[in-house]
There are 4 protein chains.
Amino acid sequence: MNSLISLRKKPTQKRSSATVAAILEAAALILETSGLENYNTNEIAARAGVSIGSLYQYFPGKDAITRKLIAREMEQLRDTLADVAFLHSGHSGLHHLLAAAINCQLRRPVLARVLDLEEARLPPDEDVERLASQIDKIVHRCLAAPDLPESARAPEAVGDIVAIIKGMVDAAERRGETDISSLTSRVSKSVFGYLGCAP
Amino acid sequence: MNSLISLRKKPTQKRSSATVAAILEAAALILETSGLENYNTNEIAARAGVSIGSLYQYFPGKDAITRKLIAREMEQLRDTLADVAFLHSGHSGLHHLLAAAINCQLRRPVLARVLDLEEARLPPDEDVERLASQIDKIVHRCLAAPDLPESARAPEAVGDIVAIIKGMVDAAERRGETDISSLTSRVSKSVFGYLGCAP
Amino acid sequence: MNSLISLRKKPTQKRSSATVAAILEAAALILETSGLENYNTNEIAARAGVSIGSLYQYFPGKDAITRKLIAREMEQLRDTLADVAFLHSGHSGLHHLLAAAINCQLRRPVLARVLDLEEARLPPDEDVERLASQIDKIVHRCLAAPDLPESARAPEAVGDIVAIIKGMVDAAERRGETDISSLTSRVSKSVFGYLGCAP
Amino acid sequence: MNSLISLRKKPTQKRSSATVAAILEAAALILETSGLENYNTNEIAARAGVSIGSLYQYFPGKDAITRKLIAREMEQLRDTLADVAFLHSGHSGLHHLLAAAINCQLRRPVLARVLDLEEARLPPDEDVERLASQIDKIVHRCLAAPDLPESARAPEAVGDIVAIIKGMVDAAERRGETDISSLTSRVSKSVFGYLGCAP
DNA sequence: CATGAATGAGTGTTCATTCAT
DNA sequence: TATGAATGAACACTCATTCAT
C-alpha cells in the first residue's frame with residue numbers, strides 16, 4: 001500500500017527515507033509556525049538540514065512536498081477511521097467516527113487548516129483523490145449501517161458530513177477553542193440532525 | 001454606509017469610480033477563471049483595461065483589492081440577511097436566513113470560495129472584521145427568537161452555524177452540485193439538528 | 001537681472017508668481033523635513049496646494065524645481081556677499097565675507113546641504129553656473145585687496161576657500177553644532193591660515 | 001578584521017568571493033561612469049556578468065552594496081592612515097597623514113565623491129560608523145602629539161580637519177585638478193593654519 | 001489657465017528550479 | 001549522491017509626465 005506520489009527515487013535506503021522525513025517535517029513546521037509566508041523550498045531545505053539540491057532529488061517540486069503532506073494527513077485519517085469502523089458500527093460507530101475525525105483534525109490543527117487551503121489551490125492529484133475516495137468509502141460503509149436512517153445512504157451524505165466536520169472544527173480552531181468534548185458534542189448534534197436521528 | 005477600506009483617493013468623480021469598479025470586477029474575474037494562479041496586479045490592471053499606475057492610484061496594494069472584494073461580498077451578505085431578518089423571525093426566520101445565505105454564497109460560488117481562502121491568509125482587516133461582526137449580530141438576533149431552543153443562544157452557536165453553511169455550500173459547489181433546493185434542505189436539517197429542533 | 005531659468009511662462013502676473021513661490025517653498029520644505037525620500041512632484045504639488053498640472057505649467061520638470069531652488073540660495077548668497085564686499089575690503093572684508101557666507105549656509109542648513117548634494121548630481125546648469133561665477137567674482141575681488149598676501153590672487157584660491165567654508169559648515173551642521181561664533185572663528189583660522197596670514 | 005556588513009552568505013568559496021568582488025567592482029564602475037543615473041541592481045548585475053538572483057544571494061539589497069562600497073573605501077583610508085601614524089608623529093606625522101588622506105581620496109576620486117553623497121543619504125550604518133570612529137581615533141592620536149598646539153586637542157578638531165580635506169579635495173577633483181602636490185600643499189596650509197602653526 | 005485621472009517605463013526583490021562540481 | 005552557487009522569469013510598486021476635460 002505504498003504511496004504513489006512520485007518520488008524521484010524510492011526511499012528504500014535508510015538515509016534516504018530519513019531525508020524525506022526531515023524535509024516533510026520541516027515543511028510541516030514552517031506551515032505551522034509562519035504559514036505560507038515563509039513556505040519556500042530554500043527555507044524547507046535549510047530547516048531540514050539538507051541542501052536544496054537534495055530536496056529536488058526526492059521531490060520533483062515544491063507542490064509535491066505539499067501534496068505529500070496532504071496525503072500524509074489523509075493517510076492518518078484513513079487509518080484512524082478504518083480502525084474505528086472495524087470495531088464499531090451503526091449509530092455508535094458514527095459517534096466514534098466523528099470523535100476520531102475531530103481528533104485527527106485537532107492533532108495539528110494549524111497544519112490541517114493550511115493544508116486544506118492548499119489542497120483547494122493545488123491542481124487535483126491522483127494520490128490525494130485516491131485517499132479521499134478511500135476515506136469516503138469508510139464513511140460510507142459506516143453510514144450504511146441498518147440502524148441509521150435511509151438518508152444516510154444518500155449519495156451526498158458522505159460529502160456533507162465531511163464538510164460539516166471540517167467546517168466546524170476549522171472554525172472552532174480559528175476561534176481558539178480548546179474544549180474538544182464540547183466541540184465533539186456540537187458536531188454530533190449537527191451530523192445526527194442532518195441524518196434526522198437523535199445523537 | 002460607505003466602506004472604510006482605504007482608497008488612495010475617493011472616487012467621487014464618475015471616471016474614478018468606473019475605474020475602481022473595473023479593477024474590482026477584473027480581479028473578481030481572474031479569481032473566478034484562473035484562481036490565484038494569474039492573480040497579480042499587472043494582470044488585474046490589464047483585464048480592467050487600465051494602466052498599472054491607475055490601479056495604484058485607487059488601491060494601496062494588491063491585498064487591498066482582495067480585501068475590498070471580500071468586503072463587497074460580505075456587504076452583500078449582510079444586506080441580504082438584514083432584509084430577511086427584518087421580515088421574518090424565529091423558526092421561519094432562520095429558514096429564510098439559511099436560504100438567503102446559501103443563495104449569496106452560490107451567486108458567484110467560485111469567487112466566494114477563493115475569497116474565503118484569501119481571507120484566512122490575509123492579515124486581519126478592520127473593515128472586514130467590522131462586517132463580520134455585523135453579520136454575526138444579525139444571525140445572533142435571529143437565533144435569539146423565543147421559539148428557538150435555548151441552545152441557539154449559546155455563544156458558539158453563530159460561529160458554528162456559519163461554519164456549517166459555508167462548509168457544506170463550498171463542498172457542494174466543489175462537487176459541482178447545482179440543485180439549490182436540495183442543498184438548502186440538507187443544510188437546514190444540519191442546522192436545525194444542531195439546534196435540537198425539527199426543521 | 002531676472003533669472004534665466006526656463007519657466008514655461010514668465011510669472012508676470014501676481015497669481016502666477018504666487019504659485020511659483022508656493023511650489024518652491026513646498027519643495028524646500030519637503031527637502032528639509034524628509035530629505036530626498038519624499039521629494040517627488042506629486043508631493044510637491046500637494047504641499048503647495050496646487051495641482052500637478054499647474055506645477056508643470058510653471059516648471060518643465062522636477063529637476064527644474066531643484067535647480068531653481070539652488071539658484072535661489074545662490075542668489076541670496078551672491079547678494080549678501082555683494083553687500084558685504086561693497087562696504088568693506090581687504091583683511092577685514094574677508095572676515096565679513098566669511099561671516100556672511102557662514103550665516104547664509106546656516107540660515108536653512110539642512111536645505112543648503114541637500115541642495116549641495118543635488119547640485120552635484122544634476123547635469124550642469126547654465127543659470128547655476130552663471131551665479132557661481134558671479135559669486136566667485138565677488139570673492140575674487142575681495143581676495144585681490146592689496147593688504148592680503150600674494151597667494152590670495154592664485155587661481156585656485158577662490159575655489160579652495162569656498163570649499164573650506166562649505167565643507168566645515170556642512171560637517172558642523174551634521175554634527176548638530178549650534179555655536180556660530182565658534183564655528184566662524186575656526187573657519188577663519190583655516191582660511192587665513194590657508195592664505196598665510198593671521199586672522 | 002572582517003567587515004560586519006551582513007552578507008547573505010559568507011563567500012568562503014572561491015567562486016563566491018569572486019562573484020561578490022565582481023558585483024562590488026561593477027557597482028563602483030557604474031557610479032564612476034554614469035553616477036547615480038544608472039545605478040540600479042539590474043545594471044550592476046549585468047555589468048558584473050552575474051544574474052540578478054546572484055546579486056541578492058550575497059547582498060540583502062541595493063543599499064547594502066553601496067554601504068559595502070563605502071566601507072571598503074573607509075577601510076582603505078583607515079589602514080593607510082594607521083600605517084602612516086605608526087611611522088611618524090607630531091608635526092611631521094600630520095603632514096604625512098594629510099598626504100595619505102589626499103592620496104586615498106584621489107585614488108578613485110569620482111567614486112569617493114559619489115559615495116560621500118550616498119553616505120549622507122543612507123540611514124546610518126553600524127559598520128560605517130565603526131570605521132568612521134576608528135579613523136577619527138587615528139587622526140585624534142596624531143593630533144595629540146606634544147609638538148602640536150593646544151587647539152589640536154579640541155573636540156571639534158578632528159571633524160574640522162576631515163571636513164577641510166574632503167571639501168578641498170572634492171572641489172579640486174570637480175574642477176579637474178591633477179597636480180596633487182600643489183593640492184597637498186594648499187590643504188596643509190589650511191589645516192596647519194587652522195591649528196595655528198606653520199606647516 | 002487649472003485640474004487630476006491616467007499612463008507606463010523602470011526598479012527592487014523573491015523564489016522555484018537547474019547543474020557544474 | 002550531495003552540494004549550493006547560479007539562474008531569470010515573475011511580481012509588486014513608484015513616480016515623472018501627459019492630456020482630456
Side-chain angles (χ1 to χ4, degrees), chain A residues 8-9 13 15-16 19 38-46 50-65, chain B residues 8-9 11-20 38-46 48-65, chain C residues 8-9 13 15-16 19 38-46 50-65, chain D residues 8-9 11-20 38-46 48-65:
Chain A
R8 287 202 169 164
K9 59 175 56 175
Q13 304 187 349
R15 205 153 47 124
S16 300
T19 301
N38 289 85
Y39 187 61
N40 60 64
T41 51
N42 293 302
E43 186 70 21
I44 294 171
V50 153
S51 73
I52 182 68
S54 287
L55 188 151
Y56 275 88
Q57 288 231 318
Y58 292 106
F59 294 93
K62 186 194 185 187
D63 286 351
I65 298 176
Chain B
R8 286 208 166 162
K9 36 181 79 172
T12 45
Q13 306 199 349
K14 273 183 197 165
R15 201 155 44 133
S16 301
S17 73
T19 301
V20 167
N38 287 84
Y39 188 60
N40 60 66
T41 52
N42 293 308
E43 186 68 23
I44 294 172
V50 150
S51 74
I52 183 66
S54 285
L55 188 151
Y56 278 92
Q57 284 221 327
Y58 295 106
F59 295 93
K62 186 193 182 187
D63 286 352
I65 298 176
Chain C
R8 286 205 167 160
K9 57 176 57 179
Q13 305 187 351
R15 205 153 47 123
S16 299
T19 301
N38 289 85
Y39 187 61
N40 61 63
T41 51
N42 293 301
E43 185 70 22
I44 294 172
V50 152
S51 74
I52 182 68
S54 286
L55 187 150
Y56 275 88
Q57 287 231 320
Y58 292 107
F59 293 93
K62 186 194 185 187
D63 287 351
I65 298 176
Chain D
R8 287 209 165 163
K9 38 181 76 173
T12 45
Q13 306 200 349
K14 273 183 199 165
R15 200 153 46 133
S16 301
S17 73
T19 301
V20 167
N38 287 84
Y39 187 61
N40 61 62
T41 52
N42 293 307
E43 187 68 23
I44 295 172
V50 150
S51 74
I52 184 65
S54 285
L55 188 151
Y56 278 92
Q57 284 221 327
Y58 295 106
F59 295 94
K62 186 194 184 189
D63 286 353
I65 298 176

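The distance between atom OH of Tyr39(D) and atom P of dT11(E), rounded to the nearest whole Å, is 14 Å. Between Ile44(B) atom CD1 and dC11(F) atom P there is a gap of 11 Å when expressed in whole angstrom units. One atom, NZ of Lys62(D), and another, P of dT13(E), lie 8 Å apart when rounded to the nearest Å. Regarding Asn38(D), its CG atom lies at a distance of 7 Å from the P atom of dT11(E), rounded to whole Å. Computed from coordinates, the Tyr58(B) OH to dT14(F) C1' distance equals 17 Å when rounded to whole Å. Rounded to whole Å, atom P of dA12(F) lies 6 Å from atom OH of Tyr56(B). Rounded to whole angstrom, the span from the CG atom of Leu55(A) across to the P atom of dC15(E) amounts to 15 Å. Rounded to an integer number of Å, the gap from CG of Asn40(D) to P of dT11(E) is 5 Å.
With a 3.5 Å ceiling on both atom-pair distances, the Watson-Crick or G-U wobble partner of dT11(E) is dA12(F). Base pairing annotation: dA20(F) forms a Watson-Crick or G-U wobble pair with dT3(E), both donor-acceptor distances under 3.5 Å.
Between Gly53(D) and Asn42(B), the residue anchored closer to the 5' end of DNA chain F is Gly53(D), taking for each the nucleotide with the nearest heavy atom. Closest-nucleotide positions on DNA chain F for Val50(D) and Ile52(B) were compared, and the one nearer the 5' end corresponds to Val50(D).
Of the candidate nucleotides dG4(F), dG4(E), dC13(F), dG4(E) has the atom lying nearest to any side-chain atom of Ser51(C). Closest to the side chain of Thr41(A), from the set dT17(E), dT3(E), dT7(E), is dT17(E). Considering only the side chain of Ser54(B), dA6(E) comes nearest among dA6(E), dA6(F), dG4(F).
Gln57(B) has no side-chain polar atom (N or O) that falls below the 4.0 Å cut-off from OP1 or OP2 of dG4(E).
The two atoms that bring Val50(C) and Thr19(C) nearest to each other are CG2-CG2, 3.9 Å, heavy atoms only. Of all non-hydrogen atoms in Lys62(A) and Tyr39(A), the two that sit nearest each other are NZ-O, 2.9 Å. The two residues Ile65(B) and Ile44(B) make their nearest non-hydrogen contact at CD1-CD1, 4.3 Å.
The shortest distance between side-chain heavy atoms of Val20(D) and Phe59(D) falls below 4.5 Å.
Atom OH of Tyr56(A) sits about 12.0 Å away from atom OG of Ser51(A), to the nearest 0.5 Å.
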